[in-house]
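Notes follow once the structure below has been shown.
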Amino acid sequence: MSSRKTVTAVAGIGVVALLGVGAYVGFGGDDSGKGEASVAVKDDGPHKLVAPKAVFGGYRQVKGMTSAALEEPASFGVRGAKTVQAVYGSDRGAKALSAGLIQFTGAYGTIDTPEKTVDAMFADLAAKARKPGKGGEKSTMVGEPKDFGTDGAVVKCQESRIEDPNTGAPEGPKVVHVAMCAWADRSTAAIVMPVDTRDAKAGKPASLDDAATTTQKLRKEVRVKR
C-alpha cells in the first residue's frame with residue numbers, strides 16, 4: 001500500500017500513519033512472558049477467524065488495502081497458529097473510508113492463557129510505537145490498556161496518539177487519536193483498530209468504549225467454529 005494511496009483514501013485526514021498503523025500491528029514479539037495469570041475464559045471449542053467480504057451489514061473490505069499479518073503468533077501464546085487480516089471501509093470506491101474504517105489482524109490456534117496473550121500484544125504495540133514511522137510520524141500508546149472483558153474472552157483497549165509533522169493537508173490535524181483493542185480467547189486472538197474518520201479529521205479523542213463495542217461485535221462476526 002503506497003503512502004500516496006493512503007492519503008487519497010483518507011480524504012485529507014492529514015496523517016499517513018492513520019492507515020500506517022498497520023506497520024506496527026504486524027507483531028513480532030519478545031514480551032510473551034508478561035502479564036498475570038489469565039482470567040477464567042471458558043473453552044467453547046476450537047474456532048477459527050475468517051475475513052468476510054462485509055461486516056456489520058455495511059462495512060466492506062477495501063480493495064488493495066490490508067493489515068499487516070500478525071508475525072510469530074506463537075510468541076504471544078497462540079500455538080499452531082494461522083493468521084487472518086483485513087481492512088473494512090464504511091463506503092465503496094473512492095469514498096471507502098469517508099466515514100469509518102476497521103483494521104483487523106489476528107490469528108487462531110490454541111491459547112492457554114488469553115490474558116497473557118492480550119498483555120503481550122499491547123506490550124509489543126508499545127514497543128513498536130516508540131519507533132518513528134517511515135514518513136516521520138510518531139506514535140504513543142497513552143495510559144494503560146482498559147479492561148472490557150466479555151463472556152468468553154479477554155478484551156482490552158488503549159488510546160494511540162499519532163503525530164505526523166509532514167502532513168500534506170493544511171486543514172487536517174497534526175495529531176490523530178485512535179483506539180487500539182485486542183481480544184483473546186482459548187482459540188483466537190486479534191488486534192482491532194476502529195476509526196471514525198470524521199472524528200479523527202476533527203482531532204477528537206478516540207472513544208475506548210465505542211471501540212470496545214465494535215471489537216466485541218466484530219469478534220462475533222469473524223470468529224466461527226472449526
Side-chain angles (χ1 to χ4, degrees), residues 1-27 55-56 59-62 64-68 85-91 94-105 121-146 148 155-182 190-215 217-218:
M1 174 176 58
S2 67
S3 60
R4 186 176 185 181
K5 183 172 183 180
T6 300
V7 173
T8 301
V10 180
I13 200 168
V15 180
V16 175
L18 182 58
L19 286 179
V21 167
Y24 70 79
V25 182
F27 309 100
V55 294
F56 306 157
Y59 276 72
R60 298 173 177 83
Q61 280 200 39
V62 181
M65 294 184 182
T66 186
S67 300
Q85 57 276 337
V87 173
Y88 293 95
S90 55
D91 210 325
K95 297 181 179 181
L97 307 179
S98 60
L101 71 86
I102 302 171
Q103 183 169 301
F104 153 62
T105 182
M121 289 194 290
F122 272 111
D124 194 63
L125 282 174
K128 295 289 193 297
R130 288 191 286 269
K131 300 177 182 178
K134 293 181 179 179
E137 63 273 8
K138 298 179 181 179
S139 302
T140 304
M141 299 300 288
V142 180
E144 298 293 332
K146 183 178 179 181
F148 291 93
V155 180
K156 296 184 181 182
C157 299
Q158 186 175 4
E159 179 186 344
S160 177
R161 185 176 184 271
I162 305 170
E163 301 176 67
D164 184 6
N166 302 314
T167 178
E171 75 281 4
K174 298 290 184 180
V175 177
V176 166
H177 305 269
V178 299
M180 307 294 294
C181 295
I191 283 282
V192 179
M193 186 185 77
V195 180
D196 184 319
T197 52
R198 295 161 299 188
D199 286 350
K201 286 170 66 176
K204 294 183 179 180
S207 169
L208 297 186
D209 294 285
D210 290 347
T213 298
T214 298
T215 298
K217 288 172 61 179
L218 183 69

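Reckoned from all heavy atoms, side chains included, excluding hydrogens, waters and symmetry mates. What you see is a predicted model, and the numbers here were worked out from it, not measured in a lab.
M141 is listed as a side-chain neighbour of M180, based on a closest heavy-atom distance under 4.5 Å.
Not counting sequence neighbours, the partners of A86 by the side chain to side chain contact (heavy atoms under 4.5 Å, CB included) test are A51, Q61, Y88, F104. Taking R161 as the reference, E163 meet the side-chain hydrogen bond (donor to acceptor under 3.5 Å, both in side chains) condition, with sequence neighbours excluded. In this structure, the side chain to side chain contact (heavy atoms under 4.5 Å, CB included) partners of Q85, at least two apart in sequence or on a different chain, are T66, S67, A69, T83, T105. Residues passing the side chain to side chain contact (heavy atoms under 4.5 Å, CB included) test with D210, sequence neighbours excluded: S207. The salt bridge (Lys or Arg N to Asp or Glu O under 4.0 Å) search around K217 returns none, not counting sequence neighbours. Residues satisfying the side chain to side chain contact (heavy atoms under 4.5 Å, CB included) criterion with A212, sequence neighbours excluded, are F148, C157. Residues passing the salt bridge (Lys or Arg N to Asp or Glu O under 4.0 Å) test with R198 are D196, sequence neighbours excluded. In this structure E159 satisfies the side-chain hydrogen bond (donor to acceptor under 3.5 Å, both in side chains) test together with H177, sequence neighbours excluded.
A pairwise comparison of heavy atoms in V192 and P194 identifies O-CD, 3.6 Å as the closest pair. Nearest heavy atoms, V195 versus A200: CG1-CB, 4.0 Å. Of all the heavy atoms in A182 and M121, the pair that sits closest is CB-CE, 3.9 Å. Shown here for G143 and Q158, the closest heavy-atom pair between the two residues is O-NE2, 2.8 Å.
Between the OG atom of S139 and the CZ atom of R130 there is a distance of 12.0 Å, given to the nearest 0.5 Å. Taken from NZ in K156 to CZ in F122, the straight-line distance is 8.0 Å, to the nearest 0.5 Å. From I102, atom CD1 reaches atom OG1 of T214 across 6.0 Å, with rounding to the nearest 0.5 Å.
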- Run the side-chain contact (heavy atoms from CB on, under 4.5 Å) check on I191 and Q103 step by step: do they pass? CA-CA 8 Å; I191 283 282; Q103 183 169 301; over 6 Å; no
- Chi angles and distances behind the side-chain contact (heavy atoms from CB on, under 4.5 Å) call for L101, V62: CA-CA 9 Å; L101 71 86; V62 181; over 6 Å; no
